[in-house]
Amino acid sequence: MEKTEKNTNEIISGPEAIRVRFAPSPTGYLHIGSARTAFFNWLFAKKTKGRFILRIEDTDISRHLEEAIELIMDSLKWLGMSWDEGPDIGGNYGPYRQSQRKEIYLEYAKKLVENGRAYYCFCSQEKLAEKRKAFMGDAKADYYEYDRECYYLGPGKVRENLEGGIPWTIRLLVPDDIEIKFEDLVYGSISVSSNTQEDFIIIRSNGLPTYNFSAAIDDILMEITHVIRGEDHLSNTPKQILVYRALNAGLPVFTHLPMILGADGTKLSKRHGSISIEAYRQDGFLAESIRNYLSLLGWSYDEKTTILSLNDILNKFDLSQINKRPARFDYEKLLWLNGHYLRNMPDKDLEKLILEKIRLDTKTFNANISDIDKKIKKIIPIIKERIKTLNEALDIIYVFFRPVSYQQDFIDYIKTNKDTAINVIDDAILLLSGIRDFSHDNIEAALRNISERKNLNFRKTAEIIRAAVWGSKVSPPMFGTMEIFGKEECALRLKAFKKIIA
RNA sequence: GGCCCGUUCGUCUAGGGGUUAGGACAGCAGAUUUUCAAUCUGCCAGCAGGAGUUCGAUUCUCCUACGGGCUACCA
C-alpha cells in the first residue's frame with residue numbers, strides 16, 4: 001500500500017515485451033466500438049512487434065452466447081486481424097476464456113483474504129438492497145457505500161458462517177484516504193480518492209469473479225503491458241488499480257479511447273441502425289473502408305489525410321495522437337469511403353467480390369451463373385463508379401438478368417409524348433437491327449442518327465430508349481448497357497415497350 | 001445526487017498565445033455528360049458562455065452550461 005503508482009509503468013523492458021489484449025464479452029456480434037478498440041490494440045501490437053491477445057470475458061453466464069465467440073472471431077478475421085494467443089489457438093498464458101479461469105480468480109481472492117486485503121461478506125443481495133434503501137432514505141445521503149458490516153466479523157464467526165454453508169462473496173478492502181493516481185496515455189493524469197470507492201465485490205456468490213477483478217487478474221497474469229480500451233472503462237480503472245496494489249503488481253500503461261457515439265450523440269445502440277461489423281459486411285462494405293473509417297475515429301494522422309491504406313495506418317498510427325473527444329458515427333462518410341475504395345479497386349478484384357456475393361445470394365438470383373461470368377467483365381466497368389456498396393452493385397447487375405419492370409408513373413411520363421416515343425422506338429428497332437457489330441460505338445452512332453433525323457434533342461431520344469431498355473429514368477451508361485444486352489434482347493425490349501405505351 | 005472525463009464548421013478532425021483557424025464527409029452552385037453517378041471548380045459553415053492571466057487569447061487558469069462514462073453479486 002505504500003507503493004506509489006508512479007513509474008510502475010516501467011515493466012516494459014523492450015518492444016518485444018509488449019503485450020496487448022482485446023477482451024470482448026460474448027453477448028453478440030462484434031460492434032463498431034469494440035472493433036475500433038480491437039483494431040487499435042492490433043495496430044499497436046503490430047507497430048511494436050508485440051503480441052495481440054484475444055481474451056473472452058464470459059463471467060456473466062446469463063448474458064453470454066456461446067455462438068458469439070465464433071461471430072466475434074469471424075469479424076476480427078474479416079477485418080484482417082489475427083491474434084497471437086487466444087481461446088482457439090491457445091498460448092502460454094491460457095486459458096483465454098474467463099469462464100475457464102474460475103479457480104485462478106478464487107485462488108487470488110483467497111490469497112487477498114489471507115493477507116487482509118479482502119474479506120468474506122455474508123450479506124445477501126436482499127439485505128444489501130435494504131441497507132441501500134435505508135441509507136438513501138436519509139436526506140443527506142447521496143450515495144451508498146457498503147458499510148463493511150462483514151469486515152468486522154471475527155475470524156470465528158467467519159469460519160462458522162462458511163462451515164454453515166451461508167452464501168458468501170468476497171469484497172476487496174479498499175484503503176481509506178488514499179489518492180489513486182494513474183497516467184492515461186490519452187486522458188493524462190487521473191486522480192481519484194479511494195473514499196469514493198466502496199469495498200466492491202470481487203467474487204460473487206456463484207463463485208465467479210466480477211469484471212473489475214477478473215480483468216485485473218488476467219491483465220496481471222497475462223503480463224499485459226498496455227491496456228487499450230474504451231473510455232467507458234476509465235471510471236473502472238481505479239478499482240482495477242486497487243486490485244493491482246493489493247497484489248503488489250506493477251501497472252500497465254492505460255490508454256482509453258474516446259467513445260464512438262451514434263449520430264445523435266448518444267451511446268451507440270441498436271436503434272442507431274447497423275452497429276455490428278457483420279451487418280456492414282453483409283451490406284456490402286469492404287473491410288478496407290471500415291478499417292480506414294475506424295482509424296479516423298479518435299485518431300488522425302495529419303491535417304489533410306483521409307484516405308489511408310492498411311499500410312499507411314500501420315506506418316503512421318501512434319497511440320499518443322489519439323484525442324479525447326467522443327466521436328459520432330457518420331454513416332455518410334463511411335459510405336463515401338466505401339465508394340472510393342470500390343471505384344479504385346482493380347476490376348478483377350471487384351469482380352471476385354461481386355461474384356462471391358452473388359453466389360451467396362442464390363435466393364434472389366436464379367439466372368445461370370456461367371452467363372454472369374461472361375457478362376460481369378463488361379458490366380463492372382460501367383457500374384463501378386456509381387456504386388457505394390457491393391449490394392448496390394448487385395441491385396444494378398440483377399437488372400441485366402431480369403425482365404424489365406416498367407413503373408406505371410414512368411410509363412405515363414413517356415406517354416405524354418406518345419407519338420414521338422413510338423416514332424423513336426420504331427426507328428431504333430429498324431436501325432439497330434441493321435447493325436452487324438452490336439457494339440457501344442455502333443449503337444451510339446445509330447441512336448444519334450435517329451436523334452438528328454427526327455430533329456429531336458438527344459437527351460430526349462436517349463430517355464425514350466432508356467425507358468424501353470432499362471425501364472427507368474436512370475441507368476448505367478446506355479450504349480454499353482445495350483451492348484451487354486445484345487441485339488436481340490434490345491429489340492425485344494423495344495418492341496415490348498412500344499406495345500405498352502401504344 | 002456523487003466521482004471521473006470531455007466541448008474547434010451539421011459530422012470526423014488539424015492547429016495552437018499574434019493564423020485569412022486548415023482538410024475531409026454532408027449541403028449548395030457551376031463545369032462535364034445520353035440519365036444517374038463519378039470527376040473538377042467554387043461557395044456555405046466552427047473555436048459553448050463568462051471571468052481571469054497577458055500587450056494580445058480559440059489556445060493557459062477558474063467558473064457556468066451542456067454532453068458522456070462510472071456509481072450492480074453487467075462487462
Side-chain angles (χ1 to χ4, degrees), chain A residues 23-27 57-60 62-64 98 121 123-125 128-129 132 136 141-145 167-171 184 186-188 190-193 195-198 200-212 214-215 229-239 256 258-259 261 263 265-267 293 296-307 323-337 339-340 343 383-388 392 396 444 447-448 451 457-463 465-467 470 472-479 481:
Chain A
S25 162
T27 53
E57 310 220 326
D58 53 351
T59 56
D60 180 4
S62 58
R63 290 179 58 208
H64 290 156
Q98 294 191 326
C121 176
C123 297
S124 67
Q125 293 189 59
L128 289 171
R132 181 169 289 117
M136 297 302 245
D142 43 33
Y143 74 101
Y144 172 77
E145 177 176 280
W168 50 266
T169 61
I170 296 178
R171 287 182 184 271
D184 187 275
V186 170
Y187 288 91
I190 311 265
S191 173
V192 179
S193 163
N195 297 338
T196 65
Q197 311 290 134
E198 69 169 345
F200 59 96
I201 290 175
I202 57 177
I203 299 288
R204 296 183 276 215
S205 54
N206 65 4
L208 288 169
T210 54
Y211 166 74
N212 285 123
S214 55
R229 69 211 334 177
E231 191 262 357
D232 46 341
H233 289 293
L234 194 59
S235 302
N236 287 322
T237 307
K239 287 195 179 67
H256 288 92
M259 302 295 272
L261 308 172
T266 64
K267 194 171 176 165
Y293 183 67
L296 260 20
L297 253 28
W299 175 77
S300 64
Y301 171 59
D302 60 16
E303 55 180 37
K304 290 193 161 67
T305 316
T306 305
I307 304 291
N323 66 26
K324 309 176 215 248
R325 256 194 107 190
R328 297 184 188 199
F329 186 79
D330 184 356
Y331 181 79
E332 291 299 322
K333 193 158 187 174
L334 208 211
L335 245 195
W336 171 79
L337 263 173
H340 170 86
R343 286 193 293 281
I383 65 166
K384 89 187 275 195
E385 51 185 33
R386 59 203 79 227
I387 52 168
K388 288 202 165 77
E392 283 179 19
I396 301 175
E444 174 167 11
L447 296 181
R448 287 204 186 269
S451 166
N457 189 330
F458 189 67
R459 288 180 122 89
K460 278 287 165 195
T461 311
E463 186 173 64
I465 303 296
R466 176 175 297 109
W470 194 262
S472 95
K473 215 166 181 170
V474 175
S475 77
M478 222 177 47
F479 315 131
T481 301

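Naming: A, B, ... by sequence-line order, numbering from 1 per chain.
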| query | With a non-hydrogen cut-off below 4.0 angstrom, is Thr237(A) in contact with a base, only sugar-phosphate, or nothing? | reply | nothing
| query | His64(A) NE2 to rA75(B) P: how many Å, rounded? | reply | 7 Å
| task | State, to 0.1 Å, how close Thr196(A) and Ser193(A) come at their nearest heavy-atom pair, and which atoms those are. | result | OG1-O, 2.8 Å
| What nucleic acid atoms does Gly298(A) come within less than 4.0 Å of, heavy atoms only: base, sugar-phosphate, or nothing? | sugar-phosphate
| message | Under 4.0 Å, heavy atoms only, any strand: does His233(A) hit a base, just the sugar-phosphate, or nothing? | response | base
| request: Scan every strand shown for a Watson-Crick or G-U wobble partner of rG1(B), both distances under 3.5 Å, and answer none if you come up empty. | output: rU71(B)
| request: Would you kindly compare Pro258(A) and Thr210(A) by the position of their nearest RNA chain B nucleotide and give the one closer to the 5′ end? | output: Pro258(A)
| task | Indicate, with a heavy-atom threshold strictly under 4.0 Å, whether Lys267(A) touches base, sugar-phosphate, or nothing. | result | sugar-phosphate
| Pairwise P distance, rA37(B) and rA75(B) [rounded to whole Å] | 50 Å
| query | Which residues satisfy the salt bridge (charged side-chain N to carboxylate O under 4.0 Å, His left out) test with Glu231(A), sequence neighbours excluded? | reply | none
| note | Closest of rC4(B), rA75(B), rC73(B) to the Glu57(A) side chain is rA75(B)
| said: Rounded to whole Å, please give me the gap between OH in Tyr144(A) and C1' in rC70(B). | reply: 18 Å
| request: Among rC5(B), rG69(B), rA75(B), find the nucleotide with the atom closest to the side chain of Asn212(A). | output: rA75(B)
| Step by step, would you call Val186(A) with Lys324(A) a side chain to side chain contact (heavy atoms under 4.5 Å, CB included)? | CA-CA 6 Å; Val186(A) 170; Lys324(A) 309 176 215 248; 4.0 Å; yes
| query | When every nucleotide of nucleotides 26-38 of chain B is labelled 5' to 3' by its protein contacts under 4.0 Å (heavy atoms), B for base, S for sugar-phosphate only, - for none, what sequence of letters results? | reply | S------BBBBBS
| query | Where do Pro476(A) and Thr481(A) come nearest, in terms of heavy atoms and distance? | reply | O-OG1, 3.4 Å
| With sugar-phosphate meaning primed atoms plus P, OP1 and OP2, does Asn323(A) contact a base, only sugar-phosphate, or nothing at under 4.0 Å between heavy atoms? | sugar-phosphate
| Given atom CD of Glu231(A) and atom C1' of rA75(B), what is their separation to the nearest angstrom? | 15 Å
| said: Can you tell me which nucleotide in rC12(B), rG69(B), rA14(B) comes closest to the side chain of Asp232(A)? | reply: rG69(B)
| What does Thr59(A) touch in the nucleic acid at a heavy-atom separation under 4.0 angstrom: a base, only the sugar-phosphate, or nothing? | sugar-phosphate
| task | With heavy atoms under 4.0 Å as the rule, sort Leu297(A) into base, sugar-phosphate or nothing. | result | sugar-phosphate
| field | Interatomic spacing from CE in Met259(A) to CG in Leu297(A) - rounded to 0.5 Å | value | 12.0 Å
| message | Tell me the interatomic distance from Glu303(A), atom CD, to rC12(B), atom P, rounded to whole angstroms. | response | 19 Å
| Partner nucleotide of rC43(B) by Watson-Crick or wobble geometry (both distances under 3.5 Å) | rG27(B)
| request: Consider the side chain of Arg325(A), meaning its heavy atoms from C-beta on, and name the nucleotide among rA75(B), rU13(B), rG69(B) that approaches it most closely. | output: rU13(B)
| Distance check: side-chain N/O of Ser300(A) vs OP1/OP2 of rA14(B), anything under 4.0 Å? | yes
| For Thr481(A), which contact category applies under a 4.0 Å heavy-atom criterion: base, sugar-phosphate, or nothing? | nothing
| remark: Rounded to whole Å, the CD1-C1' distance (Ile170(A) to rC73(B)) equals 12 Å
| message | Looking only at the side chain of Met259(A) (C-beta and beyond, no hydrogens), which of the listed nucleotides rU13(B), rA75(B), rG69(B) gets closest? | response | rG69(B)
| said: I want to verify a distance call: between rA75(B), rA14(B), rC12(B), whose nearest atom is closest to the Leu296(A) side chain? | reply: rC12(B)
| CD on Glu145(A) to CG on Asn195(A), rounded to 0.5 Å | 7.5 Å
| task | Check every strand shown and say whether Thr169(A) touches a base, only sugar-phosphate, or nothing at a heavy-atom separation below 4.0 Å. | result | base
| said: Which nucleotide, if any, forms a Watson-Crick or G-U wobble pair with rU7(B), using both distances under 3.5 Å? | reply: rA65(B)
| said: Taking any heavy-atom pair under 4.0 Å as a contact, classify Asn236(A): base, sugar-phosphate, or nothing. | reply: base
| request: For rC55(B) versus rG68(B), give the span between their P atoms, rounded off to a whole number of Å. | output: 40 Å
| With respect to the side chain of Tyr187(A), which nucleotide from rA75(B), rC4(B), rG6(B) is positioned closest? | rG6(B)
| note | What one should report as the nearest heavy-atom pair of Arg466(A) and Lys473(A) is CD-O, 3.3 Å
| task | Determine the Euclidean distance between corresponding P atoms of rG6(B) and rC43(B); express it in Å to zero decimal places. | result | 36 Å
| query | How long is the gap from CD1 on Ile203(A) to OG1 on Thr210(A), to the nearest 0.5 Å? | reply | 7.0 Å
| Among the nucleotides rC73(B), rC4(B), rU7(B), which one has an atom lying closest to any side-chain atom of Ile201(A)? | rC73(B)
| task | Sticking with atom C1', work out how far rG42(B) lies from rU32(B), rounded to a whole angstrom. | result | 15 Å
| remark: Across every strand shown, the nucleotide meeting Watson-Crick or G-U wobble geometry with rA37(B) (both distances under 3.5 Å) is none
| Distance in angstrom units between Leu335(A) CG and rC12(B) C1', rounded | 15 Å
| message | What's the separation between atom CD1 in Ile396(A) and atom CH2 in Trp470(A), rounded to the nearest 0.5 Å? | response | 7.0 Å
| query | Which is true for Thr306(A) with a 4.0 Å heavy-atom rule: it touches a base, it touches only sugar-phosphate, or it touches nothing? | reply | sugar-phosphate
| Atom C1', compared across rC73(B) and rU58(B): separation rounded to whole Å | 48 Å
| message | In whole Å, measure the gap between the P atoms of rU11(B) and rA48(B) for me. | response | 12 Å
| said: Rounding to an integer number of angstrom, what distance separates rA45(B) and rA24(B) when you compare their C1' atoms? | reply: 14 Å
| Where do Ala215(A) and Gln98(A) come nearest, in terms of heavy atoms and distance? | N-NE2, 4.0 Å
| field | Base partner of rU19(B), which must satisfy Watson-Crick or wobble distances under 3.5 Å | value | none
| task | Classify the ring geometry between Phe329(A) and Tyr293(A) as parallel (under 30°), tilted (30 to 60°) or perpendicular (over 60°). | result | perpendicular
| task | Could you please name the partner base of rA57(B), counting Watson-Crick and G-U wobble pairs only when both distances are under 3.5 Å? | result | none
| request: Calculate, to the nearest 0.5 Å, the distance between atoms CE and CG belonging to Met478(A) and Leu447(A) respectively. | output: 5.5 Å
| task | Give the rounded distance in Å between these two atoms: CZ of Arg229(A) and P of rC70(B). | result | 12 Å
| Applying a 3.5 Å limit to both distances, which nucleotide forms a Watson-Crick or G-U wobble pair with rU32(B)? | none
| query | Rounded to the Å, how far apart are Ile307(A) CD1 and rU13(B) P? | reply | 16 Å
| said: Using the P atom as the point on both nucleotides, what is the distance between rU7(B) and rU61(B), in whole Å? | reply: 12 Å
